[in-house]
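As the structure is a computational prediction, the values presented were derived from the model and not from experiment.
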Amino acid sequence: MSKLLFIGGLGMQEVLLIALVVLLFFGGKKIPELMKGLGKGVRSFKEGMNNMEKDIEEKPMKKE
């Protein structure tokens, strides 16, 4: 018997209920725009993190 668990112990019924509420609240046309914006934000965050890692690797810390 396989049970699908999500973050915080949410089950499939809870996830479907949340998705339904989001669909009713935002409407079908607005959701793709929201997901596109979310994707761009995540991509920008990852690029920023990669740039920070490169900066840290390029600039060795000075020992006092």
Side-chain angles (χ1 to χ4, degrees):
M1 186 156 113
S2 175
K3 184 175 180 182
L4 191 60
L5 294 176
F6 292 97
I7 297 172
L10 292 177
M12 186 56 80
Q13 291 177 342
E14 289 87 1
V15 172
L16 290 175
L17 180 64
I18 292 168
L20 179 64
V21 169
V22 168
L23 181 62
L24 291 173
F25 188 69
F26 290 108
K29 293 182 180 180
K30 196 70 171 172
I31 292 175
E33 294 174 20
L34 292 171
M35 293 300 113
K36 185 177 179 181
L38 182 65
K40 285 182 180 181
V42 169
R43 187 178 315 121
S44 175
F45 178 77
K46 285 182 180 180
E47 288 174 2
M49 291 298 293
N50 288 336
N51 289 338
M52 290 281 284
E53 289 175 359
K54 288 178 184 176
D55 287 345
I56 291 171
E57 290 174 359
E58 290 175 359
K59 297 178 184 177
M61 294 181 66
K62 294 181 181 179
K63 293 183 181 179
E64 294 182 27

Quick note, salt bridge (charged side-chain N to carboxylate O under 4.0 Å, His left out) partners involving residues 9-31, not counting sequence neighbours, are K30-E33
#### Entry: In one Ile/Leu/Val/Met/Phe/Trp/Tyr side-chain cluster, 4.5 Å: L23, V21
no
Check: residues 34-49 side-chain donor-acceptor pairs under 3.5 Å, at least two apart:
none

